[in-house]
Amino acid sequence: MAQVQIQFPDGSVRPYDSGTTGYEIAKSISPRLAKVAIAVMVNGRVRDLSYPISSDAPVGILTFDDAAGREVFWHSSSHIMAQAVQELFPDAKLAIGPPIDEGWYYDFDVKKPFSPDDLAKIEKRMGEIIAEDATFSCEERDKQAAIDHYREKGEDYKVELIEDLGDEALTFYAHSRFEDLCRGPHIPRTGIVKAFKLITSSGAYWRGDEKRPMLQRIYGVSYPKKGMLDEYLHRLEEAKKRDHRVIGKQLELFTIGEDVGAGLVLWLPRGARIRNQIENFWREEHLANDYDLVFSPHVANRDLWLQSGHADFYSENMYGAIKVDEREFQLKPMNCPFHITMYKSRLWSYRDLPLRWAELGTVYRYERPGVLHGLMRVRGFTQDDAHHFVARDHMEDELVWILDFCVHMLKSFGFSDYNIFLSTRPEKAIGDPEDWKKAEKGLQSALERSGLPYSIDEGEGAFYGPKIDIQIKDAIGRAWQCSTIQFDFSLPERFDMVYTDSDGQKKRPFMIHRALLGSVERFFGVLIEHYAGNFPLWLAPTQVKVLPIADEFNEYCAKVVDRLKKENIRASLDSRSEKIGAKIRAAEVLKVPYMFVVGGREAEADSVAVRKHGTGDIGVKTVDEAVAFLKAEIESRGIVEQPELSGN
RNA sequence: GCCGGCGUAGCUCAGUUGGUAGAGCAGCUGAUUUGUAAUCAGCAGGUCAUCAGUUCGAGUCUGUUCGCCGGCUCCA
């Protein structure tokens with residue numbers, strides 16, 4: 001019999017009979033591997049374990065430890081769930097059921113949405129299917145036969161899917177009493193799913209289009225070991241504890257209430273202290289980097305928004321007009337028209353460019369009720385906005401400069417992991433295609449020169465220009481767009497902006513919008529989750545809590561607090577008639593970075609016993625030493641060590 | 001906006017088949033004077049989100065509006 005040379009990931013090469021399956025290879029390596037094997041990677045493609053290998057190939061056995069293996073595992077789990085659903089709800093029509101970051105979902109068209117009780121029933125049925133330990137098998141069919149088959153069964157969504165596919169033969173996967181159109185591959189047997197849970201159900205539009213029918217989606221997770229499910233659920237719990245809405249309440253940072261209105265943030269004193277630190281730092285860095293800081297009002301004559309075009313293409317997100325003296329005014333959803341009007345207040349020479357105008361500008365946008373989310377998605381927020389007006393030749397240098405500054409700012413707050421996207425020209429776009437190319441190239445080479453990894457979102461740019469978006473990931477794994485650098489070919493045109501070039505000719509400047517933190521609100525939310533409320537010292541609302549062990553030391557402690565305040569350290573005194581343990585607990589719960597414990601010994605020696613949040617007693621220091629110590633840490637803007645989420 | 005869930009004291013939550021509302025923490029008062037994560041006692045605190053309906057009777061059942069939560073869609 002012919003032999004094939006199988007190449008393993010460790011570099012070794014071994015001969016096998018032609019037609020050997022992935023499962024047989026796994027078994028030849030170890031019985032343990034045969035048990036946990038999910039799929040096989042052949043020539044870089046993921047295949048079923050039953051796939052016969054008939055030519056020399058690099059082969060890897062995939063288990064749940066491999067990302068590709070997990071996808072297969074979860075995808076198969078979605079099939080098992082789909083079977084359970086169709087057996088319990090025969091009317092349910094199948095849509096799609098892909099694996100996602102953690103687990104999977106499957107969309108169904110059902111008459112009645114699933115209730116929590118339904119999910120429990122489905123789980124029970126899934127358990128039975130898994131207990132059957134049914135094998136997955138694959139069959140090819142031609143396109144027309146597949147369409148006829150599904151049409152007969154009334155599976156309209158499947159018909160639509162197949163019609164959109166190419167003409168090559170389609171594969172169907174079957175297990176137990178269930179079959180589904182599927183590219184595969186799949187796990188060998190249902191029995192290797194040892195633990196699973198249906199997380200939630202929700203509505204989801206067919207193909208993500210709100211004009212198409214709303215389907216019912218069920219999310220689930222599954223694992224090859226019971227312990228892994230427990231670990232996942234525990235991780236969810238931990239992530240919940242970091243939720244900025246929970247911490248925001250616990251630490252009294254902000255509140256959002258019905259009385260004021262949905263999506264409108266009230267910054268409580270402790271949150272406001274952090275915001276002040278953020279904004280102070282932001283202003284200092286901008287002034288130190290050749291920005292000018294400007295201010296603009298919250299409303300403007302509606303004509304301004306007509307000229308900018310926002311009144312047309314952005315009206316869905318704008319609040320209604322405000323009537324003042326027979327004229328209509330508009331609450332601002334953007335800062336740009338103001339900065340442009342400032343630009344137009346005089347003539348500019350090429351010598352004046354680039355202009356860099358920054359503003360912490362509060363804007364108001366109508367967001368649909370269902371999309372509001374804590375601080376992450378609100379209706380009134382402050383953008384750390386800036387507009388750069390640049391001569392055409394200096395565009396690329398300016399972009400490199402902005403990106404550099406952007407990364408510097410994010411790193412200062414402890415963020416160094418980003419998802420970066422470069423979005424290019426969409427179908428419908430205004431402006432000279434040559435300019436677009438130039439701008440895209442400028443953005444791209446800025447990214448290249450920065451050495452940051454990025455991906456390109458083809459055709460995802462705004463109609464008025466290409467952009468770079470930078471996302472920061474929060475504790476629960478959601479990525480939030482914070483920084484954005486956007487080119488604008490539209491507004492300079494609409495407002496007929498010009499500068500006088502060296503040849504005396506009037507030329508149109510390029511305009512770049514940019515926000516580094518994005519919005520102060522969202523950035524704060526990400527910051528809270530990133531640090532789980534344990535802010536670095538320079539941001540902490542209260543940096544030091546001074547704790548006398550008995551009333552007789554209150555006076556000395558008050559002096560210590562005064563001294564700290566004079567040194568610009570945010571300190572306060574806990575003079576309640578409580579035991580020291582209770583005072584410490586109160587400060588620990590509020591995640592105050594440092595506590596100064598003071599009794600007779602310290603009061604006599606002009607010193608304090610320093611306790612660090614989360615660490616404990618770190619020894620006695622004189623007040624002078626303690627001040628120097630704190631100032632050094634504040635100065636460094638040092639990142640506080642974070643307790644890792646378990647399981648990470 | 002769409003699908004589902006939820007809304008009880010400042011906070012976290014109990015509240016049985018419909019029968020006049022409960023705890024812990026926080027707050028206030030008093031006692032206690034304390035050495036590294038909760039001292040004790042007392043007091044006060046609620047139009048059960050809102051409006052309407054069913055009922056002899058609604059926190060509990062039905063509908064409305066508002067808000068929140070998980071998604072979809074959209075975005076800083």
Side-chain angles (χ1 to χ4, degrees), chain A residues 105 107 110 112-116 118-119 199-219 240 243 245-246 249-250 252 255-263 316-317 333-335 361 363 365-385 462 469-472 480-484 486 513-523 525-526 547-554 576-589 595-602 609-618 620:
Chain A
Y105 67 78
D107 287 344
V110 280
K112 228 179 69 193
F114 299 108
S115 70
D118 293 337
L119 294 194
I199 301 299
T200 184
S201 65
S202 72
Y205 299 108
W206 168 234
R207 296 200 153 173
D209 184 343
E210 57 185 321
K211 290 185 195 72
R212 310 216 48 190
M214 176 160 279
L215 308 173
Q216 294 302 318
R217 174 172 299 178
I218 304 179
Y219 288 89
K240 230 179 179 173
D243 190 311
R245 294 163 301 185
V246 174
K249 193 167 256 176
Q250 277 168 356
E252 296 177 14
T255 182
I256 302 176
E258 218 168 316
D259 299 332
V260 170
E316 276 181 17
N317 287 292
M334 304 258 182
N335 300 301
V363 297
R365 300 183 183 172
Y366 173 74
E367 299 288 352
R368 300 151 111 191
V371 307
L372 300 173
H373 177 89
L375 292 174
M376 302 299 200
R377 190 77 182 275
V378 294
R379 283 177 173 165
F381 58 98
T382 300
Q383 289 183 308
D384 69 315
D385 211 353
D469 286 328
I470 302 180
Q471 296 181 338
I472 299 174
W480 290 100
Q481 190 182 308
C482 291
S483 314
T484 181
Q486 307 188 351
H513 308 258
R514 57 109 271 211
L516 306 182
L517 313 180
S519 87
V520 180
E521 284 75 7
R522 177 179 292 179
F523 190 76
V526 176
L547 313 176
I549 65 168
D551 291 353
E552 57 179 300
F553 308 112
N554 283 356
R576 296 173 304 158
S577 301
E578 288 287 352
K579 288 170 72 173
I580 190 65
K583 294 186 185 185
I584 286 172
R585 185 181 146 78
E588 289 280 356
V589 165
M595 288 146 271
F596 289 177
V597 178
V598 174
R601 296 197 291 271
E602 290 77 16
V610 181
R611 180 187 164 100
K612 190 177 167 129
H613 168 63
T615 303
D617 192 354
I618 58 169
V620 175

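Every chain is numbered from 1 and lettered A, B, ... according to where its sequence line falls, protein lines coming before strand lines. Quick caveat: nothing in here was measured; it's all calculated off a predicted structure.
Using a 4.0 Å heavy-atom criterion, one finds that A:Ile584 contacts the bases of the nucleic acid, with or without backbone contacts as well. Contacts of A:Gly581 with the nucleic acid, taken as non-hydrogen atoms under 4.0 Å apart, involve only primed sugar atoms and P, OP1 or OP2. Nucleic acid contact class of A:Arg377 (heavy atoms, under 4.0 Å, all strands): base. Within the nucleic acid shown, A:Phe523 has no heavy atom closer than 4.0 Å to any nucleic acid atom. Nucleic acid contact for A:Gln481: sugar-phosphate only, since backbone atoms but no base atoms lie under 4.0 Å from a heavy atom of the residue. Counting non-hydrogen atoms under 4.0 angstrom, A:Thr200 reaches the backbone sugars and phosphates but no base. A:Glu252 comes within contact range of no nucleotide atom at all, as no heavy-atom separation falls under 4.0 Å. A:Ala609 comes within 4.0 angstrom of a nucleotide base, judged by non-hydrogen atoms across all strands. Nucleic acid contact class of A:Gly203 (heavy atoms, under 4.0 Å, all strands): base. At the heavy-atom level, A:Gly370 lies under 4.0 Å from base atoms of the strands shown. No contact: A:Ala515 has no heavy atom under 4.0 Å from any strand. If you check every strand for non-hydrogen atoms under 4.0 Å, A:Gly600 touches a base. If you check every strand for non-hydrogen atoms under 4.0 Å, A:Val378 touches a base. Residue-level contact check: A:Ala204 touches the backbone only, with heavy atoms under 4.0 Å from sugar-phosphate atoms and none from bases.
The side-chain ring of A:Trp480 is not stacked on the base of B:A76, judged by centre separation under 5.5 angstrom and plane angle under 30 degrees.
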Given the rule that a pair is Watson-Crick or G-U wobble with both distances under 3.5 Å, how would you write RNA chain B in dot-bracket, using | for pairs to a different strand?
-> (((((((..((((.....[..)))).(((((.......))))).....(.(((..]....))).))))))))....
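B:U47 and B:G10 are spaced 8 Å apart, taking the P atom of each and rounding to whole Å. Here the separation of B:A44 from B:G1, taken at their P atoms, is 44 Å to the nearest Å. Between B:U8 and B:G46, the distance separating the two P atoms is 15 Å to the nearest Å. Atom name C1', nucleotides B:C40 and B:U33: the rounded distance is 14 Å, in whole Å. Taking atom P in both B:U20 and B:C2, the straight-line distance is 39 Å, to the nearest Å. Nucleotides B:A9 and B:C48 place their C1' atoms 10 Å apart, quoted to the nearest Å.
Of the side-chain N and O atoms in A:Arg245, one or more sit less than 4.0 angstrom from OP1 or OP2 of B:G70. OP1 or OP2 of B:U12 sits under 4.0 Å from a side-chain N or O of A:Lys249. A close approach under 4.0 Å does not occur between any side-chain nitrogen or oxygen of A:His513 and OP1 or OP2 of B:A76. One finds no side-chain N or O of A:Gln383 lying less than 4.0 angstrom from the OP1 or OP2 phosphate oxygen of B:A76.
To the nearest angstrom, P of B:A31 lies 19 Å from NZ of A:Lys579. Atom CG in A:Leu215 sits roughly 11 Å away from atom P in B:U73 (whole-Å rounding). In this structure, A:Ile218 places its CD1 atom 16 Å from P of B:G71, rounding to the nearest Å. Rounded to whole Å, atom P of B:A38 lies 11 Å from atom CD1 of A:Ile580. To the nearest angstrom, C1' of B:C75 lies 10 Å from CE of A:Met334. Atom NE2 in A:His373 sits roughly 17 Å away from atom P in B:C75 (whole-Å rounding). Distance A:Arg576 CZ to B:G27 C1': 12 Å, rounded to the nearest Å. Across the protein-nucleic acid pair, A:Glu578 atom CD and B:C25 atom C1' stand 13 Å apart, rounded to whole Å.
Electrostatic pairing of A:Arg365 and A:Glu521 does not count as a salt bridge here, judged by no charged N lying under 4.0 Å from a carboxylate O. Under the 4.0 Å criterion applied to side-chain N and carboxylate O atoms, A:Arg245 and A:Asp243 are assigned as salt-bridge partners.
Considering only side-chain atoms of A:Val597, the nucleotide from B:A76, B:U36, B:C2 that sits closest is B:U36. The side chain of A:Phe381 approaches B:A76 more closely than any other nucleotide in the set B:G35, B:C3, B:A76. Side-chain atoms of A:Glu210 lie closest to B:U73 of the nucleotides B:A38, B:U73, B:C3.
Residues A:Pro116 and A:Leu372 each lie close to RNA chain B; by heavy-atom proximity, the contact nearer the 5' end of the strand is made by A:Pro116. The 5' end of RNA chain B is approached more closely, in terms of each residue's nearest nucleotide, by A:Ser201 than by the other of A:Ser201 and A:Gln486.
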